[in-house]
Amino acid sequence: MVAVAAWLNVATTAFAQAPSLNAVNADSTLTLLSAPPILRFGMDKLVNTFLFRADLNGAFTLPLGSLLVRQQYRRSTIRTSTPATRDDEDLFLRYDLPLSSNLSLLLANTAIISADTRAIGLNRLQQFTVSGGAQYRPIENLKMTAAVGGEYNEQLGIVDRGLSLNGNASLQNQRFEEYLLNADVQTAYSALANSRTNAQTNLKVGLARTFEGGGQLEFSTQYATLQREFYTFVAGTDQAGNLKQAAPSVETRTERLLRLNARATIPLFKGVDADVQGYFEDWTIGRFYRDAVDQVFFTSVRRNVDQVRFSVSGVLRATFDGSTHSLGLTIDSRDEVNAVDERFRITDADLQTLRSAEKQRDNISVRTSLVAQSTWNLFRADTLKFEFSSSLLRYDTPSPINYDDRDELFLTTNTSYTHHFSSIFSGTLFAEARLVHLVFIKAQRSAQNNWNRIFKLAPSFVYASEGFSAHPQFELLANYTSFDFEDIANASQSFSFRQIQYRDSLVWHVGRESNTTIESRFIFRYFERGEFRWGEFSELVRDRNYEAFARILVFVTPSSVSGVSAPNLSSKAVNQIRVGVGGRYYALSQRGANPALRIPGVQNQIIGPETVIECSFASGTVVRLNGWYEFQFDKGILLRQTPNLFLSATLPL
């Protein structure tokens, strides 16, 4: 079972331009087996983009076995002068036929399609696979799977067919003295036409132990290799130096990952424990072309990237009567080295040019982070929470012509105070400050050195009674970006952004016996941008803007409008039907604050009626249809009328 899912991941990335070893561990089959089958579909519209989706997931019981289905379809259409449509389909079917308590046959099929009507180069991909195999479970916690299949692959208009093999062995929760041992190995190989091969191996081994008193110790290691060969267009030149038509070339990408993990949870004394964990990772990536292309120098070499990471972190947690506290420290180091090796004949000058270009990518970075959090339950109705975090990133580049060396300091602190006035009414006051200091070490980019300061004050309230609820939220925000050398001519100028915002959602049940509900949502924000000087704390406002959105709907059940009683309406099949009628309004305005700046004004308005129909069934099916008709205005002039429709349905199967 796990091997088939792993093989599916191989197939999914067989034609990808940038596969990653991180995808090797993806395994969604366990979730599908435990979840009931369900069908979801719907459509939506975002401005001029139309979206449609259809998903079917779950396991179905058949007379002789079980069928596992994972189907995802997405279609998006952008309405412009020339409509553009994109379709993405991902289908996975697996049939399990048990032969005995420990042996079963497996049949699997996948279909992966991506198509775009725009000429974006790689605008069509297709892959179809069929495989069959067996799963053997000699003991309860050991499972082995092997399968063989065929693949149809289309990329860049080139069709390849070939053979695929995969295998898996998984050992779960095996007792080894006082430790639990978990091990898993996955292998996959596919051989396509034109001698293209894709292969991967992933080995994971882990040990875990739990001590008396709650302490835990975990060790794990992972070793993975990956090879992908895919087509790409490379344009070369003839002997006269004229550009030739781009022809498909086969590019190979290899990856190797070695990762070691360790974690320990240590109870220190009552209410206080520590958690220490860390990892070491060595990740190597290689890229090269099967054949060299004339005058395209990088096709004659192999480019390698070796990235070594080391991380260690510790968290100290304390829980006392009425308060909880935590303090954490993390150190993360990364070292990236790029190299170029000659594969085909190339001049020394061109080889050195390529090596110099790759060496500019070398970098060493170290990030140190500190996080603290405390929560106090004051009295019975008050809660005070404090959070603080800081991190310092040091990014260095050995290359003398790479000017990206920099230090980045991040500081964030926030405090929130919540008071419960009654069982139905509470309020929270939230305050936050964020500071970011960016300093480029080398003079060539030092003009970009800056401070970004963000201050926020956000009071909010919650009122929830039997017949009425409201959630008003207010926000005051000030964002100041000041450059260190703003007084120098032709230097980057500091700027500011300030905003006041109000949000609310209201629900009013009209009368205890009535089936009528009024629901509304309001958003309003005013913001302005300008030139700013932190030293003088002065601002020249450039533009003033406001944005508003309001939506009000009156929901009724058919019994409240047709005189039919709810028991007669709600049959065994239908639980509830809700019909909502109302409207929505949106406005966006922008105007320059200084006539000398000549900022063009914007004044857009959208208004229209809206209706919603919601229906829930006893079977668990939920259908929602939402539509509204927009009248779009620009400076009071009607530009267009646009219908909008949103449909969603969830059907348990």
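In this chain, numbering begins with 1 at the start of the sequence shown.
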Subject >> Residue pair F50, R75: steps toward the side-chain contact (heavy atoms from CB on, under 4.5 Å) verdict >> reply: CA-CA 8 Å; F50 300 83; R75 181 183 179 90; over 6 Å; no
Subject >> side chain to side chain donor-acceptor pair (under 3.5 Å) between D504 and Y502, worked out >> reply: CA-CA 7 Å; D504 202 353; Y502 163 72; 2.8 Å; yes
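- In this structure, F522 has no ring pair (Phe, Tyr, Trp, His ring centres under 6.0 Å) partners at least two apart in sequence or on a different chain.
- A 4.5 Å side-chain heavy-atom check between V305 and E336 finds at least one atom pair inside the cut-off.
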May I have the list of side-chain donor-acceptor pairs in residues 437-447 shorter than 3.5 Å, sequence neighbours left out?
residue	atom	partner	partner atom	Å
H437	NE2	W451	NE1	3.1
K442	NZ	S399	O	3.2
K442	NZ	N402	O	2.8
R445	NH1	D404	OD1	2.7
S446	OG	A443	O	3.0

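- Exactly one of L268, D273, T324 qualifies for a side chain to side chain contact (heavy atoms under 4.5 Å, CB included) with R317. That residue is D273.
- Neither side chain, T232 nor E251, offers a donor N or O lying under 3.5 Å from an acceptor on the other.
- Taking 4.0 Å as the cut-off between side-chain N and carboxylate O, E358 and R361 count as a salt-bridged pair.
- When all heavy atoms of T117 and A84 are compared, the pair lying nearest together is OG1-CA, 3.5 Å.
- Salt bridge status for D116 with R86: present, with a side-chain N to carboxylate O gap under 4.0 Å.
- One side chain, S220 or N261, offers a donor N or O that lies under 3.5 Å from an acceptor on the other.
- Here the side chains of S76 and L51 are in contact, with some heavy-atom distance below 4.5 Å.
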**OP:** Test side-chain contact (heavy atoms from CB on, under 4.5 Å) on R302 and T254 and set out the steps.
**Re:** CA-CA 11 Å; R302 177 187 176 97; T254 61; 3.2 Å; yes
**OP:** Might you work through the side chain to side chain donor-acceptor pair (under 3.5 Å) test for N450 and T481, ending with a clear yes or no?
**Re:** CA-CA 7 Å; N450 68 84; T481 300; 5.6 Å; no
Subject >> side chain to side chain donor-acceptor pair (under 3.5 Å) between E630 and T642, worked out >> reply: CA-CA 5 Å; E630 291 182 355; T642 305; 4.8 Å; no
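- Two residues are said to be in side-chain contact when any heavy atoms from C-beta on lie closer than 4.5 Å; R334 and F310 fail this criterion.
- Legend: residues meeting side chain to side chain contact (heavy atoms under 4.5 Å, CB included) with Q501, ordered by chain and number and at least two apart, are E475, Q499, R503, R525.
- Pairs engaging residues 322-368 under the ring-ring contact (aromatic ring centres under 6.0 Å, His included) rule: H325-W376 [sequence neighbours left out].
- Salt bridge present: R434 and E432 bring a charged side-chain N and a carboxylate O closer than 4.0 Å.
- I331 contributes atom CD1, which lies 5.0 Å from atom OG1 of T368 (distance to the nearest 0.5 angstrom).
- Side-chain contact check for Y289 versus V234: some heavy-atom pair is nearer than 4.5 Å.
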Subject >> Residue pair N304, I285: steps toward the side-chain contact (heavy atoms from CB on, under 4.5 Å) verdict >> reply: CA-CA 6 Å; N304 299 308; I285 303 174; over 6 Å; no
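- Each of R259, Q222, R309 was evaluated against E281; a single residue qualifies, R259, per the side chain to side chain donor-acceptor pair (under 3.5 Å) test.
- When side chains are defined from C-beta on, K359 does not count as touching V340, because their heavy atoms never get closer than 4.5 Å.
- R256 and T284 share a donor-acceptor pair across their side chains, judged by distance under 3.5 Å alone.
- Looking at D382, T383, T428 one by one, the single match for side chain to side chain donor-acceptor pair (under 3.5 Å) with H419 turns out to be D382.
- The side-chain hydrogen bond (donor to acceptor under 3.5 Å, both in side chains) check on Y480 picks up nothing, with sequence neighbours excluded.
- Side-chain atoms of R453 and S482 include a donor-acceptor pair closer than 3.5 Å.
- Between the side chains of R228 and Q200, at least one donor-acceptor pair of N or O atoms lies under 3.5 Å.
- Here the side chains of L588 and I606 are not in contact, with every heavy-atom distance at 4.5 Å or above.
- Ring pair F461/F474 is perpendicular by interplanar angle, where above 60° counts as perpendicular and below 30° as parallel.
- A salt bridge does not link R591 to D543: none of the charged nitrogens lies less than 4.0 Å from a carboxylate oxygen.
- Taking the side-chain hydrogen bond (donor to acceptor under 3.5 Å, both in side chains) definition, one finds that Q373 meets it with T375, sequence neighbours left out.
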Original post:
Hey, mind stepping through N452 and N479 against side-chain contact (heavy atoms from CB on, under 4.5 Å) and telling me if it holds?
Top reply: CA-CA 7 Å; N452 181 245; N479 186 340; 2.8 Å; yes
